[in-house]
Amino acid sequence: MNQRRNRTRFTEDQLKILIKAFDQNPYPGYATKQRLALEVNTDESRVQIWFQNRRARHQSQKKSEHDEDLESSQDQDHAEEEIQSREDRRHRSSYTPSQLHTLIQAFTNNPYPGINTREQLAKEIGVPESRVQIWFQNRRSRFHVQRKREPHDQD
DNA sequence: GCTAATCTGATCAGCTACCAGCTGATCAGCGCATTAGC
């Protein structure tokens, strides 16, 4: 079963905090996301997803509002400034051969594990579920690239 | 219909070993990503 994670429902108070933080910086670093997660009582990964979705909505909204605006080039410059001042990323995880063995085996069985499988794997190898999800995303992505490069001998 | 969750693909950046390749983290998505819960 490729079950999805249950939908998070942010309260008005939680949203107030997140929106205020977004207005200050739409690209928060790991430390800021962790602090926000504590403040709104959720996981850092949920804060990350919230910012991703918010940026996507914000961009398309801004685009339609300023579509014919000749000043839009100034917005572009501002966006580039924002990107330049990005905060620190999460520290890079490193996996032991045993952890990788477990992940690769699971990937072979099912490259699209649902939330239950990911949580089970996370528990088994002792890492957060969000890291397991990222590992599978990267693995699938590189698997697709590799398959594109390989000759199609058996299509 | 709104929006959290998920996806692909591109890119950034740390680590290992000696400059490049591998891989974890982050990001956009443009006829404005798609899927799915509420």
Side-chain angles (χ1 to χ4, degrees), chain A residues 1-19 21-23 25-37 40-69 72-73 75-108 110-122 125-150:
Chain A
M1 269 299 251
N2 288 355
Q3 198 193 348
R4 283 185 164 218
R5 177 196 311 275
N6 287 337
R7 261 178 95 91
T8 306
R9 273 180 290 183
F10 292 111
T11 65
E12 265 187 50
D13 286 345
Q14 286 174 316
L15 283 174
K16 267 185 200 168
I17 293 169
L18 291 170
I19 290 167
F22 182 90
D23 289 342
N25 180 11
Y27 294 92
Y30 178 59
T32 305
K33 280 184 283 192
Q34 263 202 323
R35 182 181 55 73
L36 282 168
V40 303
N41 194 28
T42 188
D43 287 345
E44 178 270 336
S45 61
R46 296 310 91 205
V47 174
Q48 172 146 352
I49 295 296
W50 185 87
F51 270 84
Q52 280 179 12
N53 283 323
R54 179 88 181 172
R55 281 197 301 268
R57 286 195 296 276
H58 201 245
Q59 289 291 65
S60 61
Q61 197 181 355
K62 211 164 91 176
K63 186 88 164 54
S64 58
E65 276 172 12
H66 295 284
D67 225 8
E68 318 245 323
D69 191 348
S72 61
S73 61
D75 286 345
Q76 189 74 26
D77 292 345
H78 185 60
E80 276 166 22
E81 265 175 42
E82 278 173 356
I83 289 166
Q84 287 240 328
S85 62
R86 264 180 210 169
E87 299 168 14
D88 285 349
R89 294 177 158 211
R90 170 197 290 270
H91 286 305
R92 194 184 159 90
S93 309
S94 64
Y95 299 112
T96 65
S98 154
Q99 286 173 321
L100 281 176
H101 177 75
T102 304
L103 288 167
I104 290 166
Q105 203 165 35
F107 184 87
T108 309
N110 179 14
Y112 295 91
I115 181 67
N116 292 338
T117 308
R118 292 199 308 266
E119 278 182 342
Q120 205 176 325
L121 272 169
I125 65 173
V127 303
E129 179 274 332
S130 62
R131 296 309 90 202
V132 173
Q133 185 164 24
I134 294 297
W135 186 90
F136 272 84
Q137 279 179 11
N138 281 324
R139 185 84 181 176
R140 281 197 302 269
S141 181
R142 274 139 202 170
F143 186 71
H144 290 144
V145 169
Q146 195 185 343
R147 286 202 59 175
K148 275 184 195 168
R149 281 191 194 145
E150 283 170 1

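Computation of the quantities below employed the complete heavy-atom set of this structure, encompassing side-chain atoms and omitting hydrogens, waters and symmetry-equivalent molecules. To find a chain, count down the sequence lines: A is the first, B the second, and so on, and within it residues start at 1.
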- Task: Consider only side-chain N and O atoms of A:S130 and A:E44, and report whether a donor and an acceptor are under 3.5 Å apart.
- Result: no
Look at the side chain of [X] and the base of [N], then say whether one donor and one acceptor between them are separated by less than 3.5 Å.
| X | N | value |
| --- | --- | --- |
| A:R7 | B:dT3 | yes |
| A:R57 | B:dT3 | no |
| A:N6 | B:dA4 | no |

- Could you label the plane-to-plane angle of the A:F107 and A:W135 rings as parallel, tilted or perpendicular, counting under 30° as parallel and over 60° as perpendicular? perpendicular
[M] and [N], which share atom name [atom1], separated by this distance in whole Å:
| N | M | atom1 | value |
| --- | --- | --- | --- |
| B:dG29 | B:dT34 | P | 13 Å |
| B:dG1 | B:dG31 | P | 22 Å |
| B:dC27 | B:dT6 | C1' | 15 Å |
| B:dC30 | B:dA25 | C1' | 24 Å |
| B:dA36 | B:dC7 | C1' | 13 Å |
| B:dT11 | B:dA5 | C1' | 23 Å |

[X] side chain: which of [options] is closest?
| X | options | result |
| --- | --- | --- |
| A:R55 | B:dG9, B:dG24, B:dC27 | B:dC27 |
| A:I49 | B:dA28, B:dT8, B:dA4 | B:dA4 |
| A:R92 | B:dA5, B:dG14, B:dC27 | B:dG14 |

- Grab the two heavy atoms, one from A:Y112 and one from A:N110, that are nearest each other, plus how far apart they are. N-OD1, 2.9 Å
- Task: Taking all heavy atoms of A:F51 and all of A:N25, pick out the closest pair and write down the distance.
- Result: CE2-O, 3.6 Å
- Is the backbone N or O of A:R140 less than 3.5 Å from a side-chain atom of A:H144, with the two atoms forming a donor-acceptor pair by type? yes
How close or far is atom [atom2] of [N] from atom [atom1] of [X], stated in whole angstroms?
| X | N | atom1 | atom2 | result |
| --- | --- | --- | --- | --- |
| A:N138 | B:dG21 | CG | P | 19 Å |
| A:Y95 | B:dC22 | OH | P | 19 Å |
| A:Q48 | B:dC27 | CD | C1' | 9 Å |
| A:Q137 | B:dA5 | CD | C1' | 10 Å |
| A:R142 | B:dT23 | CZ | C1' | 5 Å |
| A:H58 | B:dA28 | NE2 | P | 13 Å |
| A:Y112 | B:dT8 | OH | C1' | 8 Å |

- Message: Surrounding CG of A:D88 (heavy atoms of other residues, nucleotides or ligands, distance under 6.0 Å), is the total greater than 12?
- Response: no
- Whether over 12 other heavy atoms sit under 6.0 Å from A:Q34 CD: yes
- Query: Below 4.0 angstrom from OP1 or OP2 of B:dA5, is there any side-chain N or O of A:R46?
  - Reply: yes
- Indicate whether OP1 or OP2 belonging to B:dG9 is found under 4.0 Å from a side-chain N or O atom of A:H144. yes
- Query: Dot-bracket for DNA chain B: what is it, with Watson-Crick or G-U pairs under 3.5 Å, [ ] where a pair crosses earlier ones, and | for a pair to another strand?
  - Reply: ((((((((((((((((...))))))))))...))))))
- Task: For the residue pair A:R131 and A:Q99, establish whether any side-chain heavy-atom pair is separated by less than 4.5 Å.
- Result: no
